[in-house]
Amino acid sequence: MAMARYLITGIAGFIGSTLAGELLKRGEKVRGVDNFSTGNKENLAELSGEIDFGEADLLDLDAMKLACSGVDYVLHQAAIPSVPKSVLDPIGSNRTNVDGTVNLLVAARDAKVKRVVYAASSSAYGDTPTLPKHEDMTPDPISPYAVAKLTGEHYMTSFYRCYGLETVSLRYFNIFGPRQDPSSPYSGVLAKFITQMLKGQQPTIFGDGEQSRDFTYVDNAVEANLLACKAPGEQVAGKVFNVATGQRVTLNETFKLLQGLTSYSGSAIHGAERGGDIKHSLADISLAEKHLGYKPKVNFEEGLRRTVGWYREQIAGDRH
Ligand code: UD1
């Protein structure tokens with residue numbers, strides 16, 4: 001195995017592959033694992049640079065030990081990242097998102113890595129009416145996915161407390177951007193809407209469309225991960241930070257913006273509200289600003305423009 005400073009789990013996924021691209025750009029040595037359950041081989045092929053890749057499952061402890069050997073930082077992005085999927089299959093969600101995370105932590109501990117940074121989820125907050133959400137609020141997860149992701153945070157903190165393994169949990173708020181998979185019924189809403197509207201297909205808004213989200217462009221999440229690796233341990237180890245933009249938009253507003261960007265002139269279908277959904281989501285990002293030095297670099301509108309541009313190219317490429 002080639003030497004590497006960073007291990008990315010879920011490297012073939014949307015966020016994992018974007019992280020890998022940025023690390024390679026910075027001249028870092030990157031190793032990655034993926035079981036291709038939701039990841040995509042094309043995301044790896046697009047990386048311009050050498051990665052040390054292994055096809056492996058989080059549940060394979062020996063493979064995780066091998067993957068962790070010699071690395072300084074583990075960026076744990078691998079997951080089954082879906083609220084509705086977890087509602088249908090809570091056992092599968094728990095197996096990957098909880099058991100898989102514990103396996104990885106044991107491997108990272110035994111390999112004596114410097115730090116593990118974890119893709120946690122804003123869904124931990126649930127439907128608490130207080131906005132914005134800040135990290136010292138009592139979590140109130142609704143879906144099995146949210147419970148699993150929150151459990152992962154607790155394991156992160158536990159491994160710091162019990163074994164001194166430095167961990168940082170980043171609560172992602174609806175990350176979107178190029179390479180997010182639009183093709184599954186469980187795909188994130190922006191990937192779905194953008195591809196549907198570019199193809200002239202009518203998107204479906206679940207519920208009245210007045211639900212809001214702190215949609216966060218992927219480059220901001222990448223930046224937060226890299227900052228989380230290097231921030232002083234005494235300020236961040238064992239802790240949890242929101243990663244978002246600190247602004248929210250409703251689905252109806254988003255749909256209007258997308259009509260402008262995609263030239264889709266039709267309307268949206270309104271369907272039933274989705275089970276396990278939360279109504280509003282907005283982050284207080286001051287803790288990440290203070291301890292990680294995090295500031296969102298790309299705002300929602302700019303992120304949306306870049307994302308639409310990327311999907312437009314993909315769709316044009318598919319036609320040729
Ligand atoms: C949730 C979590 C997020 C997590 C993500 C993983 C919250 C606030 N966020 O996102 O941290 O990473 O799951 O998947 O809990 N929608 C439609 N039409 C569609 C698809 C979705 O109207 O075709 C609606 C949904 O009902 C929802 C909103 O769009 O109200 C956003 O949905 P989605 O993109 O799936 O993300 P969340 O469930 O908010």
Side-chain angles (χ1 to χ4, degrees), residues 10 13-16 38 76-89 93 96-97 118-133 137 139-150 152-153 169-177 180-197 199 201-218 220-221 224 240-245 247-256 258 267-283 300 304 307:
F14 153 53
I15 300 174
T38 60
H76 179 32
Q77 311 300 308
I80 299 181
S82 166
V83 170
K85 211 172 189 174
S86 79
V87 174
L88 284 173
D89 179 17
S93 171
T96 297
N97 298 336
Y118 168 63
S121 169
S122 61
S123 57
Y125 292 110
D127 225 352
T128 46
T130 317
L131 292 178
K133 318 276 193 195
M137 283 169 51
D140 187 18
I142 297 173
S143 64
Y145 170 76
V147 172
K149 277 282 161 181
L150 177 62
E153 287 181 14
S169 294
L170 302 177
R171 278 188 187 159
Y172 292 167
F173 280 68
N174 292 78
I175 311 299
F176 72 98
Q180 189 169 26
D181 175 19
S183 64
S184 127
Y186 310 114
S187 295
V189 66
L190 295 181
K192 270 174 91 179
F193 278 16
I194 292 170
T195 47
Q196 287 167 338
M197 291 167 79
K199 291 177 175 174
Q201 300 162 356
Q202 195 173 25
T204 301
I205 294 178
F206 300 141
D208 63 7
E210 287 306 300
Q211 66 265 50
S212 60
R213 293 291 183 271
D214 191 336
F215 288 113
T216 304
Y217 188 65
V218 63
N220 299 318
V240 176
F241 298 95
N242 289 341
V243 171
T245 63
Q247 292 176 313
R248 71 187 167 107
V249 287
T250 67
L251 267 194
N252 288 332
E253 288 164 346
T254 304
F255 175 73
K256 280 210 195 81
L258 285 177
S267 58
I269 306 168
H270 279 271
E273 220 171 274
R274 198 176 68 178
D277 244 14
I278 67 150
K279 190 76 184 172
H280 300 295
S281 179
L282 172 70
F300 176 61
L304 213 51
T307 307

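Counting starts at 1 for both ligands and their atoms, following the listed order. Values below: every heavy atom of this structure, side chains too, minus hydrogens, waters and symmetry copies.
Checking Asn97 against Ser93 by side-chain atom types alone, a donor-acceptor pair falls below 3.5 Å. A side-chain N or O of Asp214 and one of Thr245 form a donor-acceptor pair less than 3.5 Å apart.
For an aromatic pair to be called close, the ring centres must be under 6.0 Å apart, and Phe193 with Phe176 fails this.
The cationic group of Arg171 lies under 6.0 Å from the six-membered ring centre of Tyr125 and within 45° of the ring axis, placing it in a cation-pi geometry.
For Asp208, the salt bridge (charged side-chain N to carboxylate O under 4.0 Å, His left out) partners are Lys279, not counting sequence neighbours.
Within 4.0 Å of ligand 1, the residues that place a heavy atom are Pro81, Ser82, Val83, Ser121, Ser122, Ser123, Tyr145, Tyr172, Asn174, Gly188, Val189, Lys192, Phe193, Thr204, Ile205, Phe206, Gln211, Arg213, Leu251, Arg274, Asp277, Ile278, Ser281, listed by chain and number.
A donor-acceptor pair under 3.5 Å links the side-chain atoms of Lys149 to the main chain of Ala119, judged by distance alone.
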